[in-house]
Amino acid sequence: MLKARILENKLSSLYKAGKIVGGVYLGKGQEAVSGCLGAALIQGKDCFAPLIRDQAGRTAFGEPLIDCTRTYLGSVEGPMKGRDGNIHRGRPDKGMPAMISHLGAQVPLIAGMLFAKRLKGVLEGCVGATCVGDGATSTGAFHEGLNMAAVEKLPMVVVIANNQFAYSTPNNRQFACGDLVERARGYGVGGYSVDGTDLMACASVIGEAVKQARLGKGPQMVVANLLRLSGHGEHDDGSYVPDSARAGYYGRDCIEVAIEQLVEGGYASQAKIDAWREEFSEEVQRAVAQAQQEALPDPYLEKWSALSTTFPYISS
Amino acid sequence: MVRPFHNLSLHFIVSVTYIDAIREAQEDLLREDDRVFLYGQDIANFGGAFKATKGLAEAYPNRVFDSPISEDAMIGLAVGAAIEGMRPIVEMQFADFSSIAFNQIVNQAATHFYRTGMPIPLTVRLPSGGTPGSGPFHSQSMEGLYAQYPGLVVVTPATVSDAYYMLIDAAKMNDPVIYCEHKFLYRWLKAKTIKGEHLPIGQARIARPGKHATVVTYSAMVHEAVRAADRLQQDGWEIEVVDLRSVKPLDIDTVLASVARTGRLLAVGEAFPWGGVTAEVVSRVTEEGFHLLDAPPQRLNSRDTPVPYHPKLWAAHRPTPESISEALRKLLSF
Ligand SMILES: Cc1ncc(C[n+]2csc(CCOP(=O)(O)OP(=O)(O)O)c2C)c(N)n1
Ligand SMILES: [Mg+2]
């Protein structure tokens with residue numbers, strides 16, 4: 001989560017310096033939730049469909065930093081080759097699909113990946129996970145996908161990062177149930193609530209949800225409560241978030257909480273954390289520098305084809 | 001106190017943009033007709049992702065609503081409200097997300113009048129088209145797709161006045177209107193006044209007169225085509241540019257009259273190349289005005305791939321003044 005924060009701070013300054021075109025969307029304040037989900041999954045076995053605020057989960061799941069910097073900076077060497085950008089990236093062959101913007105769409109997609117694993121006879125012990133925001137829970141795709149996964153009893157974990165806002169829209173204009181976790185019962189899936197700013201709580205609750213799914217208990221839904229600590233994107237100052245929310249309990253920074261927990265619990269010393277900070281900063285610098293040196297897409301070399309198939313009787 | 005050129009600067013600096021026109025049209029509609037209401041994501045206090053409804057929720061607190069992220073249900077709600085006599089205007093945050101509302105638009109709204117005799121006065125605003133770095137899901141041009149379905153009017157304003165009057169006219173129309181507003185024009189396109197020329201929906205406009213070839217286009221591509229025409233002017237070619245304004249209905253008479261003058265046709269659109277508006281224009285002209293043509297009619301669209309993210313790819317994906325000029329030179333060489 002620390003690495004993700006350092007990387008995203010760098011992306012933000014690159015954006016502000018005009019070095020990144022299009023949007024920059026950060027997971028600031030959501031690293032504990034996302035990171036714990038990524039860490040509970042096994043790359044090469046599980047699948048994970050990250051969304052806009054999942055840099056920490058991506059890193060924990062094993063996505064190399066260079067995939068991120070190359071995609072943001074448009075390098076042709078990146079997984080998206082400049083064809084898609086920013087968080088719209090993935091490595092589907094490594095169990096990490098590339099999100100589309102349309103919210104909710106990854107829920108049935110993960111269900112489908114798990115469904116295929118069942119058909120292929122390799123589902124045993126596997127988990128598929130995705131993260132969505134509070135806003136995305138209002139989409140048809142979310143409802144349909146979760147219901148479908150429940151009907152099929154697929155080992156799916158859906159983590160809802162309820163950061164209280166969908167762009168500018170507060171929870172009370174998004175849903176009318178007291179707590180999103182109440183919906184779990186209606187879908188017939190396992191339901192959990194967790195303080196999304198508390199690393200230890202996230203690790204245990206999300207870890208438990210993943211474990212239950214892995215044991216064949218069907219879909220599990222975790223609602224993590226927190227606050228988005230950045231704007232919707234770096235173009236947005238988030239001024240619609242009231243000061244009371246920022247000053248409230250969930251306004252606290254999960255990274256600071258985590259550091260405190262690690263030091264107090266004796267898991268890591270402050271010196272160790274400082275050393276990580278240094279090491280990660282260097283790693284981020286290298287990933288940025290490398291992507292910046294690489295070629296940008298060239299329209300003359302670009303293969304302008306949206307199909308993998310070539311048709312022998314058709315020339316263009 | 002020195003106030004240099006105060007009046008002068010006011011006179012020259014005050015200009016209005018395409019997005020101002022969209023905002024003002026909605027304000028005027030809300031003021032004039034209390035059956036009008038606005039529904040969309042982040043459009044109330046936030047004023048919309050592009051600020052097209054800025055200040056309107058404050059002025060009309062019970063008529064401008066934030067919706068959940070539920071495009072399909074947003075249009076379903078709007079059609080239901082229209083049945084009850086309201087005149088909803090729905091903002092999609094991006095045209096691309098209207099794919100989720102496709103069912104309610106093409107099956108509920110578009111079929112309603114034909115099936116029941118009751119028209120649906122619904123306006124759907126689609127922030128459309130590409131801008132640098134927007135990528136595959138924030139760049140689409142969906143006018144051709146909606147125009148394919150019976151029961152929808154599809155408008156594509158290219159000027160500040162059209163942005164204003166066509167939204168007014170769309171909302172006053174008793175049928176569902178897909179209002180395609182181009183994001184590239186939002187702040188780039190400026191005019192001295194919002195209320196310039198007011199042409200009816202269904203009438204095309206000669207954006208630039210000429211006599212050697214006709215470019216038929218709409219939306220942001222009108223401006224790219226005019227630039228291409230300016231380039232060819234330097235070589236003595238006089239290119240006529242027809243702005244369709246609405247792609248459905250399609251004012252084929254204005255197009256045919258232009259082709260009758262020039263004998264040559266190039267149809268340009270930003271949408272994907274398979275079928276769509278440009279194909280419709282070419283096929284209608286070929287069918288109804290074959291005898292007018294001195295050269296095979298041509299089409300220029302974006303490429304047949306998703307809209308790429310990187311500006312270098314994007315610039316080669318959509319028609320540009322360069323590629324339009326090139327297509328015109330080819331057309332003129334026949
Ligand atoms: C179907 C769909 N409609 C609209 C959008 C535009 N949009 C992008 S992010 C966003 C808000 C998402 O809120 P939430 O799901 O709570 O996630 P958060 O940004 O808070 O992490 C919206 C409306 C979209 N991406 N997809
Ligand atoms: Mg949210």
Side-chain angles (χ1 to χ4, degrees), chain A residues 20-24 71-76 78 80-86 88-89 98-105 132-143 165-170 172-176 232-233 235-236 239-240 296-300 302-307 316, chain B residues 40-51 57 65-74 76 92-94 96-104 130-140 272-274 302-318 320 322-323:
Chain A
I20 291 174
V21 220
V24 170
T71 307
Y72 265 108
L73 292 160
S75 160
V76 274
M80 311 312 281
K81 303 183 174 67
R83 293 173 172 187
D84 210 338
N86 47 61
H88 298 87
R89 64 177 193 273
M99 62 170 275
I100 65 169
S101 302
H102 297 57
L103 295 167
V132 297
D134 42 287
T137 65
S138 301
T139 62
F142 173 86
H143 291 299
F165 288 86
Y167 206 158
S168 76
T169 304
N172 69 346
R173 293 296 304 167
Q174 199 67 246
F175 51 83
H232 172 62
H235 58 278
D236 172 36
S239 52
Y240 42 81
L296 295 174
D298 178 343
Y300 295 99
E302 173 72 2
K303 193 164 180 291
W304 291 102
S305 173
L307 291 175
S316 66
Chain B
Q41 292 154 21
D42 304 292
I43 69 163
N45 294 334
F46 189 59
F50 298 101
K51 300 289 170 243
F65 305 97
D66 280 335
S67 73
I69 305 176
S70 308
E71 285 78 5
D72 197 23
M74 284 158 64
M92 289 288 150
Q93 201 155 79
F94 285 82
D96 314 47
F97 300 129
S98 75
S99 57
I100 290 167
F102 199 64
N103 180 43
Q104 292 284 0
T131 47
S134 294
F137 313 111
H138 292 79
S139 302
Q140 294 172 26
F272 300 129
W274 203 98
S302 76
R303 293 183 193 255
D304 194 21
T305 69
V307 184
Y309 157 75
H310 199 276
K312 278 180 176 242
L313 294 179
W314 176 68
H317 183 266
R318 71 200 283 265
T320 55
E322 294 75 35
S323 65

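Order of the sequence lines fixes the chain letters, A, B, ..., with proteins taken first and strands second; residue numbering starts at 1 for each chain.
- If you tally non-hydrogen atom pairs under 4.5 Å between each of A:Ile100, A:Asp84, A:Leu307, A:Thr139 and chain B, the highest count goes to A:Asp84.
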Go through the steps for A:Asp298 and B:Lys312 under the test side chain to side chain contact (heavy atoms under 4.5 Å, CB included), then give the verdict. CA-CA 7 Å; A:Asp298 178 343; B:Lys312 278 180 176 242; over 6 Å; no

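- Taken to the nearest 0.5 Å, the OG1 atom of A:Thr71 stands 9.0 Å off from the OH atom of B:Tyr309.
- Chain A is approached within less than 4.5 Å, heavy atom to heavy atom, by B:Ser67, B:Pro68, B:Ile69, B:Ser70 from residues 67-74 of chain B, ordered by number.
- Within the 4.5 angstrom heavy-atom criterion, no atom of A:Phe165 approaches chain B.
- With a 4.5 Å cut-off on non-hydrogen atoms, B:Asp96 touches chain A through its backbone and its side chain both.
- The two residues A:Ala166 and B:Asp42 have their closest heavy-atom pair at O-OD1, 3.3 Å.
- Ranked by heavy-atom pairs shorter than 4.5 Å toward chain B, the options A:Ala105, A:Gly22, A:Ser138 are led by A:Ser138.
- Separation of atoms OG1 (A:Thr169) and CD (B:Gln41) is listed at 7.5 Å; rounding is to 0.5 Å.
- Only the side chain of B:His138 comes within contact range of chain A, with at least one heavy atom under 4.5 Å from a heavy atom of that chain.
- Contact of B:Ile100 with chain A is made through the side chain alone, with heavy-atom distances under 4.5 Å.
- Note: B:His310 NE2 to A:Glu302 CD = 11.5 Å, rounded to the nearest 0.5 Å.
- Heavy atoms closer than 4.5 Å to chain B are found in both the backbone and the side chain of A:Tyr167.
- Here the closest non-hydrogen pair linking A:Trp304 and B:Leu313 is CH2-O, 3.3 Å.
- Note on ring orientation: taking the six-membered ring where Trp is involved, the planes of A:His88 and B:Phe137 are tilted (angle from 30° to 60°).
- Listed options A:His102, A:Arg173, A:Gln174 were ranked by heavy-atom pairs under 4.5 angstrom with chain B; first place goes to A:His102.
- Annotation: maximal heavy-atom pairing with chain B below 4.5 Å, among A:Asn86, A:Leu296, A:Thr137, A:Ile20, occurs at A:Leu296.
- Annotation: maximal heavy-atom pairing with chain B below 4.5 Å, among A:Gly104, A:Gly140, A:Pro297, A:Gly74, occurs at A:Pro297.
- Using a 4.5 Å cut-off on side-chain heavy atoms (C-beta onward), B:Phe97 and A:Ser101 make contact.
- Comparing B:Gly135, B:Ser134, B:Pro136 by how many heavy-atom pairs each has under 4.5 Å with chain A, the most go to B:Pro136.
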Apply the test side chain to side chain contact (heavy atoms under 4.5 Å, CB included) to residues B:Phe46 and A:Asp236: give CA-CA distance (whole Å), side-chain angles for both, the deciding distance (0.1 Å), then the verdict. CA-CA 11 Å; B:Phe46 189 59; A:Asp236 172 36; 4.2 Å; yes

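- Options A:Gly85, A:Ser168, A:Ala141, A:Ser239 differ in how many heavy-atom pairs under 4.5 Å they form with chain B, and the most are formed by A:Ser168.
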